[in-house]
Amino acid sequence: MITPRSQQPQRSEQDDAEYRQNYTAAEYINALYALDNGWDGEGVLVGILDDGIAPIDELEGQVDRELSRDFGYNYADGVRSEREGGSNTGDSTSTHGTPIAGIIAGRNDGVGIQGLAPGATLVSLRVDGMINGDRTYGLDMDQAIRYAADNDIPILNMSLGRRNADQGNPAIQSAVQYYHDQAGGLIVNSAGNDMEEGPGNWIDATDGNMESWLFVVALSGNGRNYEMAGYSNTCGAAMDRCIAAIGSNITIDVNGDIKGYGGTSSAAPQVSALGAMILSKWPQLTGVDAGNVIINTARDIGEEGVDEVYGHGLIDVEAALSPVDPTLSNGYVASSIDNSVMVVGGAFGGYGTSSIENAFNDITVLDAYGRDYNGDVSGLVIRPGEANANRLQRRVQAQSNAGSTGFISTKMSASLGYTAFETEHRDADGNAILQNHLSNAAFALRLDGDTTVTAGYNTSDNVMDDVMGLAPTSDAMFAYSPLAQTNVGVSQRVGDGRLAVSAYVGRQEDIATNGLTVQWQQGLSSLKLGLVDETGTVFGTPVGAGAMRFGDGSSTVFVEAASGFDLGTWQFDGYASLGATRLKLTDDMLLTNADTMTSGRFGFTASREAFGGLVSFGVAQRLVALSGNATFTVGNGYDLSIRGLTFEDRRVNMRGQIAPQLTFGFEKIGERSAFRFGAASDIEGRDIRAVGSWRVQF
């Protein structure tokens with residue numbers, strides 16, 4: 001599983017010879033990730049409840065000797081005496097605590113070994129002594145734990161355990177409760193090396209102090225798999241507060257020599273070092289918080305989920321330092337970043353530093369543990385292409401498989417269009433099975449000589465006219481919302497003109513459009529006023545999801561004028577529309593304010609008979625935002641004094657880019673055949689599209 005050290009190329013400046021002294025154990029837990037990002041435990045106090053820390057070169061400057069204390073003593077013949085030499089927080093007999101200290105915070109100085117969190121500051125809390133000639137560990141342990149609480153030491157490494165414990169120690173239980181309540185501290189405790197089910201110290205965990213315990217079992221660290229070390233206790237009943245780490249580490253002894261060091265006593269300091277990394281990066285957290293992060297980001301090994309052998313699994317430095325369920329906030333409402341996306345139509349943005357994406361390229365978010373992360377989420381802004389190849393291909397396919405039927409009488413007319421699309425199913429010969437769809441429909445009923453009732457579905461869905469620009473699409477309703485497919489209306493002749501009122505609706509899953517138009521038409525000229533109300537879309541583009549969404553829809557009023565005239569053998573047709581739009585906003589969006597936006601579109605076509613058919617040339621501008629600003633409120637930092645994010649309003653110009661297209665078309669329609677060809681290109685010739693069709697009636 002682990003790439004052999006000799007085969008692994010140097011990956012960064014931190015991946016040096018000193019790091020590789022403990023290469024295998026460090027690789028198991030992704031330790032290099034923290035060093036590469038500068039998260040080395042700097043400024044975090046880690047207490048070591050043990051037999052002291054010897055004053056050796058590798059740990060020079062790493063131990064706060066003034067804060068350190070000697071709680072141990074000697075006891076013989078009923079008489080208690082202080083250790084010889086008075087306060088002694090480490091000496092040549094500190095053979096257990098010294099290598100543990102090296103695993104946590106050995107100096108990163110290019111010489112010897114380095115700890116996993118070389119920036120941490122160690123505090124020696126010595127709790128060993130001689131009782132009637134026997135070396136004993138854990139003397140006045142409760143006093144040492146209370147001292148750590150009073151001096152805000154957030155993490156205690158206790159590579160000591162109880163054997164054959166059949167009842168709890170009230171003094172220890174009370175001290176850990178005090179440590180939990182006073183400092184929110186975490187005791188990282190080795191599970192023991194007796195091949196038993198469960199750590200002995202688990203008996204001192206109570207409902208009140210449970211979160212301040214984190215027990216550690218040991219893996220063998222053979223570099224090939226996840227295998228429990230043969231000597232290690234398992235997690236047992238402590239599995240909910242238990243984790244695995246590597247029990248074979250390279251460290252330093254009391255003589256300053258490099259040595260291998262094994263056991264659950266060697267695994268626990270890996271976990272303590274990770275706790276220091278977390279608290280160094282996020283000082284707003286407590287030791288308890290760090291412990292919860294560690295167990296909830298562990299790599300699941302053994303049976304799926306939390307189990308009695310490995311507990312939550314193997315610690316993972318990268319996972320523990322990465323965000324867990326991050327949220328986006330505007331200062332009032334926070335929501336998950338998962339499934340959060342902003343979809344912006346082609347009508348908006350794209351002007352340098354004012355573009356929408358730049359509002360999200362440097363923001364601060366919080367994760368589930370209140371940890372702040374700064375980064376770029378502009379990738380959550382999606383701009384679907386106007387010339388999407390799949391969309392165009394589907395519409396061409398619709399035309400290729402299209403057919404129609406209808407009738408006309410003096411009072412009534414109706415037409416029905418249909419098409420077919422390929423499905424994923426195949427027939428016995430391997431040919432795609434088609435599925436029929438209604439493509440368009442129109443109905444008109446003349447009540448009298450002046451009044452006509454109309455109804456329609458998708459009446460402007462024509463790939464040649466709409467996409468290629470063979471004819472001016474002078475219907476702003478469809479430009480603002482292609483979903484407005486169904487309409488009913490009534491038109492009345494008034495003098496030399498005709499007044500028409502139409503209502504539009506469209507619905508698809510969670511998005512909907514409602515609209516109303518009033519149109520006056522006289523000859524080849526028309527004037528139209530309209531209202532479009534969209535839910536879930538803006539200008540026909542879905543808004544996205546989550547806190548990033550581009551509003552909840554919009555309301556638009558527009559005016560459109562169209563006209564045509566003949567000049568010699570040429571016929572000229574043109575249209576232009578202007579609209580005003582308000583976005584629908586709610587409290588849970590990062591988009592917190594938006595001006596009324598103006599938008600517009602225009603088209604102009606010149607056509608004449610030539611080559612036995614009709615040739616046309618034109619210029620057309622798709623719907624584009626002409627003016628309007630929006631405000632996005634995002635986190636821009638973390639303030640420790642308030643334990644929360646700071647926020648910034650970022651103003652963005654929503655104006656889109658005016659980029660008209662040049663169009664060319666030709667159609668020749670005979671009695672039994674029809675040939676049509678259309679092409680369109682931007683002015684610079686970078687986006688060229690063409691489509692043709694030939695229909696023959698047999």
Side-chain angles (χ1 to χ4, degrees), residues 21-22 25 46-65 68-76 82-107 111-116 118 120 122-141 144 156-163 188-194 200-201 216 218 221 229 231-233 245-273:
Q21 286 284 8
N22 199 29
V46 179
I48 298 182
L49 291 162
D50 218 290
D51 62 3
I53 304 173
I56 57 177
D57 290 344
E58 191 63 65
L59 296 172
E60 183 179 354
Q62 304 297 88
V63 183
D64 187 333
R65 295 292 177 181
S68 298
R69 289 290 183 273
D70 182 3
F71 292 91
Y73 54 84
N74 295 323
Y75 186 88
E82 299 301 319
R83 196 187 312 275
E84 184 178 347
S87 180
N88 185 345
T89 58
D91 54 28
S92 61
T93 66
S94 302
T95 57
H96 195 256
T98 301
I100 288 170
I103 294 171
I104 297 174
R107 286 198 304 174
V111 179
I113 60 96
Q114 71 179 59
L116 295 170
L122 303 176
V123 180
S124 177
L125 303 176
R126 192 167 185 181
V127 292
D128 72 311
M130 302 298 292
I131 305 296
N132 296 324
D134 294 327
R135 189 72 173 271
T136 304
Y137 294 87
L139 302 179
D140 280 353
M141 182 81 76
L156 292 177
N157 188 97
M158 190 166 76
S159 291
L160 306 173
R162 299 171 61 184
R163 294 182 178 177
V188 179
N189 193 181
S190 58
N193 305 325
D194 304 309
N201 285 6
V216 186
Y231 53 78
S232 178
N233 290 359
I246 306 303
S248 304
N249 287 275
I250 304 300
T251 183
I252 208 84
D253 65 14
V254 293
N255 299 315
D257 297 327
I258 298 173
K259 63 173 290 186
Y261 188 66
T264 58
S265 291
S266 180
Q270 279 199 329
V271 181
S272 297

From Asn88 CG over to Thr93 OG1, what is the distance, rounded to the nearest 0.5 angstrom?
7.0 Å
From the list Asp257, Thr251, Ile113, Ile258, side chain to side chain contact (heavy atoms under 4.5 Å, CB included) with Glu58 holds only for Ile113
Do the non-hydrogen side-chain atoms of Asp140 and Tyr73 ever get within less than 4.5 Å of each other?
yes
Which residue in the set Asp50, Asp91, Thr89 passes side chain to side chain donor-acceptor pair (under 3.5 Å) when paired with Arg126?
Asp91
Is Asp64 reaching over with its side chain to a backbone N or O of Val123, donor-acceptor style, under 3.5 angstrom?
no
What's the shortest heavy-atom distance between Gly221 and Ile246, and which atoms?
CA-CG2, 3.9 Å
All heavy atoms of Ala245 vs all of Gln270, minimum pair found to be CB-OE1, 3.4 Å
Please identify each residue that fulfils side chain to side chain donor-acceptor pair (under 3.5 Å) with Ser232, with sequence neighbours left out.
none
Reported CG-to-OG1 distance for the pair Asp51 and Thr136, which is rounded to 0.5 angstrom
12.0 Å
Is there a side-chain contact between His96 and Leu160, using heavy atoms and a 4.5 Å cut-off?
yes
CD1-CD distance between Ile103 and Gln114, expressed to the nearest 0.5 angstrom
13.0 Å
Under 3.5 Å, is there a donor-acceptor pair between the side chain of Gln62 and the main chain of Ala105?
yes
Sequence neighbours excluded, the answer for side chain to side chain donor-acceptor pair (under 3.5 Å) partners of Ser272 is Asn157
Quick check against the 3.5 Å criterion: does Gln21 have a side-chain atom that pairs as donor or acceptor with the backbone of Ile250?
no
Report the C-alpha distance between Asn132 and Tyr75 in whole Å, list the side-chain angles of each, state the deciding distance to 0.1 Å, and finish with yes or no for side chain to side chain contact (heavy atoms under 4.5 Å, CB included).
CA-CA 6 Å; Asn132 296 324; Tyr75 186 88; 4.3 Å; yes
Mind checking whether Ile48 and Val63 have side chains closer than 4.5 Å, heavy atoms only?
no
Which atom of Ala120 lies closest to which atom of Val46, heavy atoms considered
CB-CG2, 4.3 Å
Is there side-chain contact between Ser159 and Pro269, with heavy atoms separated by less than 4.5 Å?
yes
Any donor-acceptor pair under 3.5 Å from Ser190 side chain to Ala268 backbone:
no
Hey, does the side chain of Asn193 reach the backbone of Thr264 with a donor-acceptor pair shorter than 3.5 angstrom?
yes
A side-chain contact here means heavy atoms from C-beta on lying under 4.5 Å apart; do Tyr261 and Asp253 qualify?
no
Interatomic spacing from CG in Leu122 to CD1 in Ile53 - rounded to 0.5 Å
5.0 Å
Quick one: CD1 on Ile100 to OG1 on Thr95, what's the gap to the nearest 0.5 Å?
9.5 Å
Where do Gly52 and Ser94 come nearest, in terms of heavy atoms and distance?
O-CB, 3.3 Å
Where is the tightest heavy-atom contact between Leu139 and Asp128, given as atom of each residue plus distance?
CD1-C, 3.8 Å
Between Gly247 and Tyr231, which heavy-atom pair has the shortest distance, and what is it?
O-OH, 3.5 Å
Distance-only donor-acceptor check, side chains Asn22 and Asn249, under 3.5 Å:
yes
